[in-house]
Amino acid sequence: MVANVGIRRILAPNPSAMTLDGTNTWIVGDMRGVVVVDPGPRNAAHVATLASLPVRLVVVTHHHHDHTDAAIELAERVGVPLRGLDEAWCVGADPLVDDEVLDVIEAPIRVVAAPGHTADSIALWIEHHGEHGAMVTGDTILGRGTTVIAQPDGSIDDYLATLDRLESFGDARVLPGHGDELPSLAGVVRAYREHRLQRLAEVRQALSRLGADASVEDVANLVYADVPSSVRAAVEASVAAQLAYLRR
């Protein structure tokens, strides 16, 4: 029988409007061996803390720099493989594959392809944790707010399909890339889907008002008028993805 696997968070020191309190580096395992997920920024103290652990493998959930900047440095420093879905984020090992099981610590970790936020996004399913298991979600699901889907790397079609897949994991604990953990993956997914469909409806209404060929900027001004300027670039990226989805 597989023992209940330990999971803990080490918060990276890179808070911002986009990263919330900072990047969550998840440590899966115990003192016999751990998997480090999303090492985050190249901060000397943060990397040193991670390197002091009995690391067996480093994994990145997607290529965005706030998750990957320290990944190669950490993997090379402790002499272990680095793996992601994109071969650009692999050192000493092959790219991850959907449904692959990582058997590098006492409990298995299953790779779940989760495109949408980016094409190379993954989640990690840790079945042997607590009553309902746990899912490391990267930026597919955040601890607060909602994720950005940026064209052309991101896709609304893919994101909605990913939400459907994640919902099937039920009440798993949610371990996001930013923000605090959440209960019930399925419940969070339903709230995310409702929010995404509501935003799509608002964009449809904006197009009815502004015209079918309205620009990203004009739609963003109408639909996201209450969003602060600090995340304006992310807003326009999301609007571009929504327009691409609706115009198809």
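Worth saying up front: this structure is predicted, and the values here are computed from it rather than measured.
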When you measure from the side chain of [X] to the backbone of [Y], do you find a donor-acceptor pair of N or O atoms at a distance under 3.5 Å?
X      : Y      : result
Asn24  : Gly179 : yes
Trp26  : Pro176 : yes
Asp86  : Trp89  : no
Asp120 : His63  : yes
Ser155 : Gln151 : no
His117 : Val148 : yes

Check for me, please, whether [X] and [Y] land in the same ILVMFWY cluster - side-chain distances under 4.5 Å, paths through other members count.
X      : Y      : result
Val112 : Val188 : yes
Val60  : Leu74  : yes
Leu142 : Leu197 : yes
Val111 : Val5   : yes
Leu50  : Val55  : yes

As an exercise, state the distance from [atom1] of [X] to [atom2] of [Y], rounded to the nearest 0.5 Å.
X      : Y      : atom1 : atom2 : result
Ile141 : Ser121 : CD1   : OG    : 11.5 Å
Leu166 : Thr137 : CG    : OG1   : 8.0 Å
Arg199 : Tyr224 : CZ    : OH    : 4.5 Å
Leu200 : Glu202 : CG    : CD    : 9.5 Å
Ile149 : Ile156 : CD1   : CD1   : 3.5 Å
Thr68  : Leu82  : OG1   : CG    : 9.0 Å

*Classify the ring geometry between Tyr159 and Tyr192 as parallel (under 30°), tilted (30 to 60°) or perpendicular (over 60°).*
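Ring orientation, 0 to 90° scale: tilted.
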
*Taking the six-membered ring for Trp, are His67 and His62 parallel (under 30°), tilted (30 to 60°) or perpendicular (over 60°)?*
tilted

_Ignoring hydrogens and geometry beyond distance, is a side-chain donor-acceptor pair present between Ser52 and Thr49 at under 3.5 Å?_
no

*Could you verify whether a donor N or O on one side chain and an acceptor N or O on the other, from Asp139 and His64, lie under 3.5 Å apart?*
no

_Cation-pi geometry met for Arg196 and Tyr245 (6.0 Å, 45°)_ = no

Considering non-hydrogen atoms only, spot the tightest contact between [X] and [Y] and give its length.
X      : Y      : value
Ala220 : Glu236 : CB-CG, 4.3 Å
Pro39  : Val58  : CG-CG1, 3.5 Å
Ala17  : Val231 : CB-CG1, 4.0 Å
Leu185 : Val174 : CA-CG2, 3.5 Å
Asp30  : Pro54  : O-CG, 3.8 Å
Ala93  : Pro81  : CB-CB, 3.8 Å

Under a 4.5 Å cut-off applied to non-hydrogen side-chain atoms, are [X] and [Y] in contact?
X      : Y      : answer
Leu175 : Arg173 : yes
Pro115 : Thr140 : no
Met135 : Leu124 : no
Leu11  : Thr25  : no
Val219 : Val203 : yes
Leu210 : Asp218 : yes
Glu217 : Arg232 : yes
Val28  : Ile109 : yes

*Can Val36 and Val59 be said to form a side-chain contact (heavy atoms from CB on, under 4.5 Å), step by step?*
CA-CA 6 Å; Val36 175; Val59 174; over 6 Å; no

*Evaluate side-chain contact (heavy atoms from CB on, under 4.5 Å) for Leu20 paired with Arg144, printing each intermediate quantity in order.*
CA-CA 9 Å; Leu20 304 181; Arg144 63 179 185 270; 3.8 Å; yes

*Salt-bridged, Glu167 to Arg193, with N to O below 4.0 Å?*
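Counted as a salt bridge, because a side-chain N and a carboxylate O are separated by less than 4.0 Å.
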
*Before accepting this row, confirm whether a basic side-chain N of the pair Arg190/Glu194 lies closer than 4.0 Å to the acidic partner's carboxylate O.*
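So Arg190 does not pair with Glu194 through a salt bridge.
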
_The single option from Asp99, Asp103, Asp98 passing salt bridge (charged side-chain N to carboxylate O under 4.0 Å, His left out) against Arg110_ =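 Checked Asp99, Asp103, Asp98 against Arg110; only one passes salt bridge (charged side-chain N to carboxylate O under 4.0 Å, His left out): Asp99.
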
*Start with the C-alpha gap between Arg209 and Leu222, add the side-chain angles, then the distance that decides, and say whether side-chain contact (heavy atoms from CB on, under 4.5 Å) holds.*
CA-CA 10 Å; Arg209 177 174 170 182; Leu222 188 59; 3.3 Å; yes

*Please name the residue in the list Thr19, Asp69, Asp66, Thr23 that meets the side chain to side chain donor-acceptor pair (under 3.5 Å) test with Asn14.*
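Running side chain to side chain donor-acceptor pair (under 3.5 Å) over Thr19, Asp69, Asp66, Thr23 with Asn14 returns exactly one hit, Thr23.
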
_Can you confirm whether His195 is buried at NE2, in the sense that more than 12 heavy atoms of other residues, nucleotides or ligands lie under 6.0 Å from that atom?_
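Yes - once you tally the heavy atoms of other residues, nucleotides and ligands closer than 6.0 Å, there are more than 12.
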
*Start with the C-alpha gap between Asn4 and His129, add the side-chain angles, then the distance that decides, and say whether side-chain contact (heavy atoms from CB on, under 4.5 Å) holds.*
CA-CA 5 Å; Asn4 191 45; His129 178 79; 4.2 Å; yes

*Determine, step by step, whether Glu100 and Arg83 satisfy the salt bridge (Lys or Arg N to Asp or Glu O under 4.0 Å) criterion, reporting the C-alpha distance in whole Å, the side-chain angles of both residues, the deciding distance to 0.1 Å, and the verdict.*
CA-CA 12 Å; Glu100 177 181 357; Arg83 300 189 68 190; 2.7 Å; yes

*Determine, step by step, whether Arg9 and Asp21 satisfy the salt bridge (Lys or Arg N to Asp or Glu O under 4.0 Å) criterion, reporting the C-alpha distance in whole Å, the side-chain angles of both residues, the deciding distance to 0.1 Å, and the verdict.*
CA-CA 12 Å; Arg9 175 179 72 167; Asp21 302 316; 5.6 Å; no

